[in-house]
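The next block holds one structure in the form of structure tokens; read it before the comments.
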Amino acid sequence: MPVMTTESTHDDATSRFLAARDFLLERRGDYEAAHAGFTWPRPHRFNWALDWFDHIAAGNDADALRIVEEDGTGRSLTFAELAVRSGATANWLRAQGVAPGDRILVMLGNQHELWEVMLGAMKLRAVVIPATPLLGPADLRDRVERGQVRHVIARALDTAKFDEVPGDYTRIAAGDQVPDGWLRLADTAGADGDFTPDGETLATDPLMLYFTSGTTDRPKLVEHTHASYPIGHLSTMYWLGLRPGDVHLNIASPGWAKHAWSNLFAPWNAGATVFVHNYTRFDAERLMAEMDRHGVTTFCAPPTVWRMLIQSDLTKLARPPREAVAAGEPLNPEVIERVRAAWGVTIRDGFGQTETTLQVGNFPGVPVKPGSMGRPAPGYEIVLLDPVTGKESADEGELCVDLRTRPAGVMTGYRDDPERTAEAMADGLYRTGDIAARDADGYLTYVGRSDDVFKASDYKISPFELESALLEHEAVAEAAVVPAPDALRLAVPKAYVTLAGGWEPGPETARVLFEHSRAVLSPYKRIRRIEFAELPKTVSGKIRRVELRELTAAGSAGEYDEADLD
């Protein structure tokens, strides 16, 4: 049997990836064919930065990355330029002692160095631990210790945080004013851009370690490989509806999985431009002006941003994107209707986790059912498990990914936590911890986190359904529903509400919302208590309902009871 050379291994991996990608691109709008016919490429050796990005970058002068700052200045890098700059970054990092398998904590903002470092680290076969610049010393100590970090790359303005983070790790800073003891990332400019790997990358080699957002517990450490995120995000590319040459805007903070989903892998899988409006304070009109100016064709934003957008005049956007999607938390139907009325575009929901790529989605060209997050993505088979019996359910249960079909986009496991990994992946299923309902057409509707769903008067309550009903009222900007103790019913639904502009907290507004609840919800689902407050969130923007449940259980003098206002 002939020995496969490095070049032939590279060509084979690239061609298989390209064939799988093109299969999905050619079946845009034909979900049935895409889901039935798609198979994951399974190369033995694969390095996405070398085998894919550098492949499409050769001689490619189209913009790969375009960043517009808040002051209006901007910077663009072509695919060809990024290939060279990431090669120089890889060579320079190797000269500083970064070796294959070393773990690098990367804490950069939306700056060109972030993408150069991500590609460069991949080429080196180093393992990246993404971190948001919002983290403080306590979180960083946890990440450096549990992540066994060997090197840190951070913005110069964040270096002081590491004064309180012990450890023998290389310190590298991006910025003009670099403190003593830190290397200058800018010195990569003097390195050779022609990178030669010193070994082959197995597709199963670790690539990224993500600390989850910790909405209910201590952050878990999720491990992904050179296959699971780069190849796995072919499902995300298909959901986003990306085409070669698109200009894709995804609003997500660096350091979180969604940033890698839609600001790195999915758009460059398609050969699209990553566009970033790098603002510090959200301004809906300014965002829409930049979308028009730069010809954004595909747009992804979390529900929080969509809810802020509909508080503005959406008609200010002259050229709406061809595709609009939402992810992070379920998007309420009221928001979808408001955007459709203004832009003529239907926001398509999708579902995935840090642990996976896009599992379920409403895909381009497929009818969207109000409230549904869609159907299983190409390459994924979904099973619902009855939380009581543990058996498969046809209509409702915990949403699980069938691992027996070997979906590429699922994590290796929770690093250094074999018990939690075994629990999450028992019996050939990855358990998401989310409850979903499935209708006769196979559409899945999000019910809630398994630990968020509760009973009131022996009826099961989905917080998401009640929150969606509240958001239909113009007074409500955001809402979160949790159980409140009740002597008669065991628990009743309580809503924490953030008001829209022009509304004041008080008994009159509470009375208006109680009346709205009675009008749109069945009696057993009605909101019984309301408290006006800013919702606690993780640094990634997800609502911390666990904190609200604890606050409610402790009692609050600031709530309004429906019975008291009748």
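Atoms considered below: every heavy atom in the structure, side chains included; atoms not considered: hydrogens, waters and symmetry mates. Keep in mind that this is a model prediction, so the values were computed, not measured.
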### Task
Establish, yes or no, whether a centroid distance under 6.0 Å links the rings of H473 and W503.
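Yes, the ring of H473 comes within the 6.0 Å limit of the ring of W503, centre to centre.
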### Task
Verify the ring-centre separation between F53 and F79: is it less than 6.0 angstrom?
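Distance test on ring centres: under 6.0 Å, yes.
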#### Entry: Pair N362-W239, side-chain hydrogen bond (donor to acceptor under 3.5 Å, both in side chains): steps then yes or no
CA-CA 7 Å; N362 287 296; W239 167 62; over 6 Å; no
#### Entry: Charged tip of R27 within 45° of Y31 ring normal and under 6.0 Å
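Judged by the rule, R27 and Y31 form no cation-pi pair.
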Verify the distance criterion only: is there a donor paired with an acceptor across the side chains of [X] and [Y] at less than 3.5 Å?
{"X": "Y430", "Y": "Q359", "answer": "no"}
{"X": "Q111", "Y": "N278", "answer": "no"}
{"X": "T78", "Y": "D63", "answer": "no"}
{"X": "S235", "Y": "T357", "answer": "yes"}
{"X": "R103", "Y": "H151", "answer": "no"}
{"X": "W115", "Y": "N263", "answer": "no"}
{"X": "T273", "Y": "R66", "answer": "no"}
{"X": "S262", "Y": "K258", "answer": "yes"}

### Query
Between W261 and H233, does a ring pair (Phe, Tyr, Trp, His ring centres under 6.0 Å) hold up when you go through it step by step?
CA-CA 7 Å; W261 277 42; H233 278 302; 5.3 Å; yes
### Query
Should R338 and E474 count as an ion pair when the cut-off is N to O under 4.0 Å?
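Salt bridge: no.
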### Message
Would T280 and E70 count as a side-chain hydrogen bond (donor to acceptor under 3.5 Å, both in side chains) here? Give the steps.
### Response
CA-CA 7 Å; T280 54; E70 203 163 35; 2.7 Å; yes
### Query
Under the ring pair (Phe, Tyr, Trp, His ring centres under 6.0 Å) criterion, do W306 and F299 qualify, and how do the steps go?
CA-CA 11 Å; W306 283 113; F299 178 42; 5.1 Å; yes
### Query
To the nearest 0.5 Å, how far apart are CZ in R438 and OH in Y443?
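Here the rounded value is 14.0 Å.
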### Query
Is the W52 ring parallel, tilted or perpendicular to the H55 ring (thresholds 30°, 60°)?
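Tilted, since the angle between the ring planes falls between 30° and 60°.
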### Task
May I have the step-by-step check of side-chain contact (heavy atoms from CB on, under 4.5 Å) for H294 and V68, ending in yes or no?
CA-CA 10 Å; H294 292 275; V68 174; 3.3 Å; yes
### Query
Where do K537 and E478 land on the salt bridge (charged side-chain N to carboxylate O under 4.0 Å, His left out) test, with the steps shown first?
CA-CA 12 Å; K537 297 179 180 179; E478 288 192 297; 2.9 Å; yes
